[in-house]
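Along the sequence shown, residues are numbered consecutively beginning with 1.
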Amino acid sequence: MMNAATTLRKFGIEQAFNYIYKDPEKNMLRIMDWADKFAGEYFVTQRQMIREAITNPAHPYYTYVRRLFTDVDPNVAKTLAVNFFIKAALIGWRREEDLRKKYDCNIPWAILLDPTSACNLHCTGCWAAEYGNRLNLSYEEMDDIICQGKELGVYLYIYTGGEPLVRRKDLIRLCEQHADCVFLCFTNATLIDEAFADEMLRVGNFVPAISLEGFEEATDGRRGEGVYQKVMDSLALLRRKKLVYGISSCYTSVNYESITSEEYLDSLIDMGAYFIWYFHYMPVGNDAAPHLMPTPEQRRGIYERIRRYRSEKPLFAMDFQNDAEYVGGCIAGGRRYLHINANGDIDPCVFVHYSDSNIREQTLLGALRSPMLMAYHRGQPFHENMLRPCPMLENPEKLCAMVNACGAHSTDLQSPESVEHLCAKCGQYSAEWAPVAGELWAASPRNK
């Protein structure tokens, strides 16, 4: 239930959107004046960026901001704005900060959930299709996790898998039950049809991040013939319904050129995408291929390209591995997010499959105070160089020490991997990346 203050804030931002729709060009700036007064000391840099994007026609996001009022369904725009900016960013963040001090532990801003281990595709190198429908979080379990999360101030939930949309009816039920939250879903998009798009339109708080390997040849080569066209059909449907959606892409030593090319970014803009998540290939699992990790020079090139695109392209691009400088290092271990798999195991990271807690045996707050997540809490930042944030990829000796000290176990139930085996694959990478990271960090304005 929303208290009176929250209700007033929600009403205020809804009225603000109604006000903007009457005359976007004139009223957007007036609303920013209101936001500055309301937010106070929070998100100052972000608000300055939004203000510039609104007022400067040469800014790459000048047209992007206006698309939010012309190309997005008004109910979806208002719902996401209220839930993200008011609930997650302002109300939630303040509560999380208070609880971090009270309990002296990490409190996440977002929680990642695997509704199921099942998937409808058989992608090369992915275990999900072979693992099958053997592991699931029930609707009741997911509902309880979200209820516990909201008590801690968490209003952002991210679905991974498996293919989360195998459970799409339950996911829509959760959107209804928790209408004050935002739900982001990493999906292959092949299960998005007209009926599901209409459900997304109705609830207004569900945002898909659609996986692409690059262009048609690369996507179909890994995911199966015809998948790329199915994704294009889904994107066209989402655009026609005036929904918000984005793209998720993983760069490797093989595909980094195409997947970070200007041609690729421009194609995503043409598809109507609002954001792209870039992920660095991680050598997780006994059958992982370390040669797919980008070389130091390749990673440097990716780092430089994505930053250049941000100053030129109307597409919000996030680089999970190289953007730690904006969030003060590693965000995992509950510092800003944690991961709960389809077996209920609470992992510090979606890429770090070691746990000493299970949500079926432990409360969320209890897990945040468990030895493994407290080791993350006390160990962060894992390196003073924000381009070496990860305790696995860039500081593997630290993950190895934490797992062994806490007695955490592998949560890969198909083929458990020892932490020594995982970290051994990262040692050479870490050593080779260190001097390049040092050079980049020394030149970064955020290190001044």
Side-chain angles (χ1 to χ4, degrees), residues 125 249-257 259-260 277-307 318-333 335-336 339 347-354 372 375-406 408 410 412 415-448:
S249 295
C250 176
Y251 53 81
T252 72
S253 61
V254 175
N255 73 356
Y256 80 99
E257 278 285 1
I259 216 166
T260 63
W277 274 102
Y278 275 112
F279 292 95
H280 185 294
Y281 176 80
M282 299 291 192
V284 177
N286 285 314
D287 296 327
H291 72 275
L292 291 177
M293 289 192 287
T295 67
E297 286 309 310
Q298 288 170 346
R299 183 171 168 181
R300 179 204 290 268
I302 293 164
Y303 171 93
E304 292 170 347
R305 281 188 189 186
I306 293 175
R307 276 155 181 73
M318 296 161 281
D319 185 346
F320 188 80
Q321 200 61 28
N322 289 330
D323 281 348
E325 60 182 300
Y326 299 106
V327 290
C330 173
I331 63 172
R335 178 168 172 263
R336 292 292 177 249
H339 173 240
D347 296 326
C349 176
V350 71
F351 299 118
V352 176
H353 301 164
Y354 300 95
M372 185 65 181
Y376 260 75
H377 174 61
R378 293 178 177 130
Q380 291 167 323
F382 295 109
H383 201 283
E384 61 184 10
N385 183 332
M386 294 293 104
L387 293 173
R388 298 179 62 187
C390 179
M392 177 187 75
L393 191 64
E394 292 109 358
N395 306 278
E397 71 285 351
K398 295 191 176 180
L399 177 64
C400 198
M402 286 191 294
V403 169
N404 287 325
C406 300
S410 171
D412 185 335
S415 179
E417 179 179 29
S418 72
V419 69
E420 288 78 14
H421 184 265
L422 171 63
C423 292
K425 291 179 287 188
C426 300
Q428 182 177 348
Y429 176 96
S430 174
E432 292 176 350
W433 171 244
V436 179
E439 182 181 331
L440 290 173
W441 184 235
S444 173
R446 304 187 73 86
N447 189 34
K448 304 304 180 185

Check: Does any non-hydrogen side-chain atom of M386 lie less than 4.5 Å from one of R446?
Finding: no
Next item on the list: Taking the side chain as every heavy atom from C-beta outward, state whether C330 and R336 have any atom pair closer than 4.5 Å.
Entry: no
Next item on the list: Could you walk me through whether Y354 and S410 pass side-chain contact (heavy atoms from CB on, under 4.5 Å), step by step?
Entry: CA-CA 5 Å; Y354 300 95; S410 171; 4.0 Å; yes
Check: Do you know which two heavy atoms are closest between M402 and M372, and how far apart they sit?
Finding: O-SD, 4.2 Å
Next item on the list: List the steps and the verdict of side-chain contact (heavy atoms from CB on, under 4.5 Å) for E325 and W441.
Entry: CA-CA 9 Å; E325 60 182 300; W441 184 235; 3.6 Å; yes
Checklist line | Closest contact, heavy atoms only, R300 versus L440 | finding: NH1-CD2, 3.9 Å
Checklist line | Any I302 side-chain heavy atom under 4.5 Å of H280 side chain | finding: no
Notebook entry, point to check: Within a strict 4.5 Å, meaning less than it, do heavy atoms of the L399 and V352 side chains meet?
Noted result: yes
Next item on the list: Would you kindly say whether E420 and N404 are connected by a side-chain donor-acceptor distance under 3.5 Å?
Entry: yes
Notebook entry, point to check: Can you name the nearest heavy-atom pair linking F351 to M392, along with the distance?
Noted result: O-SD, 3.9 Å
Notebook entry, point to check: Parallel under 30°, tilted from 30 to 60°, perpendicular over 60°: which one fits the rings of H353 and H339?
Noted result: tilted
Notebook entry, point to check: Within a strict 4.5 Å, meaning less than it, do heavy atoms of the C426 and P283 side chains meet?
Noted result: yes
Check: Of all heavy-atom pairs between Y376 and P391, which one has the smallest distance, and what is that distance?
Finding: OH-CG, 3.4 Å
Next item on the list: Compute whether any side-chain donor of one residue and acceptor of the other, for R305 and Y278, lie under 3.5 angstrom apart.
Entry: no
Notebook entry, point to check: Is the shortest heavy-atom distance from the side chain of R299 to the side chain of V436 under 4.5 Å?
Noted result: no
Item checked: N385 vs E394 side-chain heavy atoms within contact, under 4.5 Å -> no
Next item on the list: Determine the interplanar angle of the F320 and F279 rings, folded into 0 to 90°, and report it as parallel if under 30°, tilted if 30 to 60°, perpendicular if over 60°.
Entry: tilted
Notebook entry, point to check: When rounded to the nearest 0.5 angstrom, what is the spacing between CE in M293 and OH in Y281?
Noted result: 8.0 Å
Item checked: Whether D323 side chain and Y326 backbone form a donor-acceptor pair below 3.5 Å -> no
Notebook entry, point to check: Looking only at atom types and distance, does a side-chain atom of S253 sit under 3.5 Å from a main-chain N or O of P294, one as donor and one as acceptor?
Noted result: no
Margin query: Looking at E397, I'd like to know if its CD atom is crowded, meaning that more than 12 non-hydrogen atoms belonging to other residues, nucleotides or ligands lie closer than 6.0 Å.
Written below: yes
Check: Taking all non-hydrogen atoms of both residues, which atom of G328 and which atom of P381 are closest, and how far apart?
Finding: O-CB, 4.3 Å
Check: For the side chain of W433 and the backbone of L387, is there at least one donor-acceptor N/O pair under 3.5 Å apart?
Finding: yes
Item checked: Q380 side chain vs A332 backbone, donor-acceptor pair below 3.5 Å -> yes
Next item on the list: Answer yes or no: is there a side-chain heavy-atom contact under 4.5 Å between R307 and Y303?
Entry: yes
Margin query: Rounded at 0.5 Å granularity, tell me how far NE2 in H383 sits from NZ in K398.
Written below: 6.5 Å
Checklist line | Donor-acceptor under 3.5 Å (N286 side chain, P416 main chain) | finding: yes
Margin query: Is there a side-chain contact (heavy atoms from CB on, under 4.5 Å) between M282 and C250? Walk through the geometry before answering.
Written below: CA-CA 9 Å; M282 299 291 192; C250 176; over 6 Å; no
Next item on the list: Please confirm whether the backbone N or O of G285 pairs with a side-chain atom of K425, one donor and one acceptor, at under 3.5 Å?
Entry: yes
Check: Without hydrogens or angle criteria, can the side chains of N255 and T252 be said to hold a donor-acceptor pair below 3.5 Å?
Finding: yes
Notebook entry, point to check: Using the benzene-type ring in the case of Trp, are the ring centres of Y256 and Y251 under 6.0 Å apart?
Noted result: no
